[in-house]
There are 2 protein chains.
Amino acid sequence: MVAINTINLKITRDSDIMINKKISIKDIAKLTNTSITTVSFVLNGKGRISKEITKKILDVAAKNGYEPNRMAVGLRTGVSKVIGLVVETIGGPFFGAMAKVIEEEAEKEGYRIIYCSTNNNIQKGKDVIRMLSQQLVDGYIVTPMKGLEKDIQNLVANEKPVVLIDGYFPGLDIPHVLVDNHGSAFNAVDHLLKAGYKKIGLITADLDLIQLQDRTRGYKDALKINDIKEDKRLIFKLPFDTDKDKAINAIKAFIKQQKQMDAVFFTTNYLGTMGLESIRQLELNIPKDLAMISFDDNEIFNLYPPGITTIQQPTYEIAKSAIDLLLSQMSVDRHDISKIKLQIPSKLIERGSTTEKNRF
Amino acid sequence: MVAINTINLKITRDSDIMINKKISIKDIAKLTNTSITTVSFVLNGKGRISKEITKKILDVAAKNGYEPNRMAVGLRTGVSKVIGLVVETIGGPFFGAMAKVIEEEAEKEGYRIIYCSTNNNIQKGKDVIRMLSQQLVDGYIVTPMKGLEKDIQNLVANEKPVVLIDGYFPGLDIPHVLVDNHGSAFNAVDHLLKAGYKKIGLITADLDLIQLQDRTRGYKDALKINDIKEDKRLIFKLPFDTDKDKAINAIKAFIKQQKQMDAVFFTTNYLGTMGLESIRQLELNIPKDLAMISFDDNEIFNLYPPGITTIQQPTYEIAKSAIDLLLSQMSVDRHDISKIKLQIPSKLIERGSTTEKNRF
DNA sequence: TAAAAATGATAAAACGTTTTATCAAAAAAA
DNA sequence: TTTTTTTGATAAAACGTTTTATCATTTTTA
């Protein structure tokens, strides 16, 4: 008197398109005349089950394309095998490249990536973190922004592994990995000074990000150490929400106004490309009329004549370190990485835009 | 005799960092002297519960920062509120831009994005789809590739909503949204011919993607309709896995060899930028020595003098349509969109690289 | 040969929800 | 007043796993 229970029924339609009425561990137990426990043990290599039964179960499972229900597993074990990636914006070369690396590395350990962008909006950041913390993800990689300190500390307090990337929270012991922003900016400006440029401008974004502050400090310290007096007029902070055309016009206006300025340092990639557009529209010669350096390397900076000197952030290393750190924290041994703060060195890619001043 | 059950205990440490020993619906029931069902009803606005009890429950829930356990909800309802985004690679401007739009739109409906890249590897694609189908996602946006037909059809057969993006499966009724590849390429090549260029080369990737085939057909048809004989030697297929330096060298070799060639059409963004690099290294003048058009617009093509004419894919429209289509399919009314095939028109951005031949 | 230990298999509880079916009490209709 | 209907609340089952505790059975040890 076997209960007739039409399970699965791998119907072969067309060539091999099959309707997989999702088979469960229970179905396998029924099909093999064993118990749920036995099937679970076999599938997870846990208990001790005889060779024959093991084989039978494995066969049936494979033949029916059994896949565990992640929700059930997640509910039972509290582990989702998903990592939350919270970045400023996924579009754009910098985070895009990192996302790729992170995904690849995570996949090797069986983790998937759920990603969210904040667009530098604090509320969005808070919302995103709250959502992810609904038992949905096992760990976080986050680009920090001012205002998210509490939220991140909460995660840490609840023993959720977190690694910050591209920034950090001053004074808080939260593991992070980022480029040496201060040093990189310092070197870049120093490089300009060594090449003979004296009046160096700074174009940055009016965002309360520690990265940008560190870069600005680097700029100022380089001037100071070279005995150059800082000139407030040479510093331009582009308001954050400015749209592209307006931004270009603002940059143009700034450049036109500062006639003595002979070089300019852009603190981010997108400022650099907009700067390039501005300089082009002003029909200024690089580096004769204006030398330039931008943070973040980019195909454009390589191609655009005469080549733009950049500070190349090693995206691969940063992303790799971050995901490695996170994974090690999530592994069985649960390394304590709370004190780990990685500074990855950047690379100054010298190109035509900073040719020595006396060379032309 | 109330059982002492230390739940939650929102401990206030530091300022407000709290240890949220994740409160559950059960805990709320206990705290409010109600039942689990009642709490669930209130939280979901379902059953009929009195004003007072509703308020009490809502208060307690809010005060304790209750968040439903997505795993439990998912297990019970079979709905994960997650969308799987399977693209070729998330790095790169095209998919990056689309991912951004998709994420934003999905978020409005309470969906999160889990993303995976295939790197144009069929096995990886199969694996990714298998993984995602472990009850983990409610719907899919996929960039199709040859070899994935069966897998995608399986999803559809199992009533999983799927929308293809940037490509399609010829002959299969799976909803998709992409640019009019054939027409766009046709127009581009026609534009070159109208501008006086006669010997137009084609540089494409040796990938079995329908998009590239359609673009190639567009190229050929444009020649045909203008009574120009197709010349096999003017077509170059770059092997897929070539690394960047080798690719540039290969393109250089091809260009150098085809001396009569006066214009060249690149079928993808990354081929276009590598082509630009090649042309620069060969010190050829654009468009005097060689005119060019590339598929996919890009900041570089706008900036690089004299400006490169491109076929701009409206990433926003494509992504928006795709996610809208998917969401409508997942909504309660479950629109049948199986027959929907959207062709989004592209835009030819004319720049200096295709100036009329008799103008210089 | 009897007691102890190892082996192989399983029942049942639990994870946190949603939802169906049920039920008592109150209100409305007869 | 009695019957019917409505209202408000709940118990219990189910979703698909993992895991603990249990229990025969067989093997080993004493």
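Letters A, B, ... are given to chains in the order of the sequence lines, protein chains preceding strands, and every chain is numbered from 1.
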Next on the checklist: Checking B/S80 against B/D138: is there a side-chain donor and acceptor pair closer than 3.5 Å?
Outcome noted: yes

Next on the checklist: Taking any heavy-atom pair under 4.0 Å as a contact, classify B/S24: base, sugar-phosphate, or nothing.
Outcome noted: sugar-phosphate

Next on the checklist: Rounded to whole Å, please give me the gap between CD1 in B/I25 and C1' in D/dA14.
Outcome noted: 15 Å

Checklist entry - Within less than 4.0 Å of OP1 or OP2 of C/dA9, is there a side-chain N or O belonging to A/T38? => result no

Checklist entry - B/F41 or B/R76: which one's nearest nucleotide on DNA chain D is closer to the 5' end? => result B/F41

Checklist entry - Within this structure, what is the CD-to-P distance between B/E67 and C/dC15, rounded to whole angstrom? => result 20 Å

Next on the checklist: Tell me the interatomic distance from B/R48, atom CZ, to C/dA25, atom P, rounded to whole angstroms.
Outcome noted: 17 Å

Item to check | Rounded distance in Å - CG (B/N44) to P (C/dT20) | outcome: 13 Å

Checklist entry - Which is true for B/I53 with a 4.0 Å heavy-atom rule: it touches a base, it touches only sugar-phosphate, or it touches nothing? => result sugar-phosphate

Checklist entry - Is A/N69 near enough to D/dC15 that one of its side-chain N or O atoms lies under 4.0 angstrom from OP1 or OP2? => result no

Next on the checklist: Can you measure B/K81 atom NZ to C/dT17 atom C1' for me and round it to whole angstrom units?
Outcome noted: 16 Å

Checklist entry - With a 4.5 Å limit on heavy-atom distance, are the side chains of A/R70 and A/R112 in contact? => result yes

Checklist outcome for this item: Side-chain atoms of B/T34 come closest, of D/dT18, D/dT10, D/dT20, to D/dT10

Checklist entry - OP1, OP2 of D/dT17 versus side-chain N and O of A/S40: anything below 4.0 Å? => result no

Next on the checklist: Which is more 5' along DNA chain D, the nucleotide nearest B/I36 or the one nearest B/L75? Just name the residue.
Outcome noted: B/I36

Checklist entry - Looking just at side-chain N and O atoms, do B/N119 and A/K100 make a donor-acceptor pair shorter than 3.5 Å? => result yes

Checklist entry - Given side chains that start at C-beta, do those of A/I323 and A/V163 come closer than 4.5 Å, heavy atoms only? => result no

Checklist entry - Only one of A/K124, A/R130, A/K160, A/K126 forms a salt bridge (charged side-chain N to carboxylate O under 4.0 Å, His left out) with A/D151, so which one is it? => result A/K126

Checklist entry - Counting only side-chain N and O atoms of A/K46, is one of them less than 4.0 Å from OP1 or OP2 of D/dT19? => result yes

Item to check | Interatomic distance where CG belongs to A/L136 and P belongs to C/dT17 [whole Å] | outcome: 13 Å

Item to check | Atom-pair distance (CD on A/Q135; C1' on D/dT17), nearest Å | outcome: 16 Å

Checklist outcome for this item: Rounded to whole Å, CD of A/E52 lies from P of C/dG8 at a distance of 9 Å

Next on the checklist: Counting the atoms with a prime plus P, OP1 and OP2 as sugar-phosphate, which does A/T77 contact under 4.0 Å by heavy atoms, base, sugar-phosphate, or nothing?
Outcome noted: sugar-phosphate

Item to check | Among D/dT7, C/dA11, D/dT18, the nucleotide that comes nearest once only the side chain of A/V73 is considered | outcome: D/dT18

Checklist entry - OP1 or OP2 of C/dT10 sitting under 4.0 Å from any side-chain N/O of A/T37? => result no

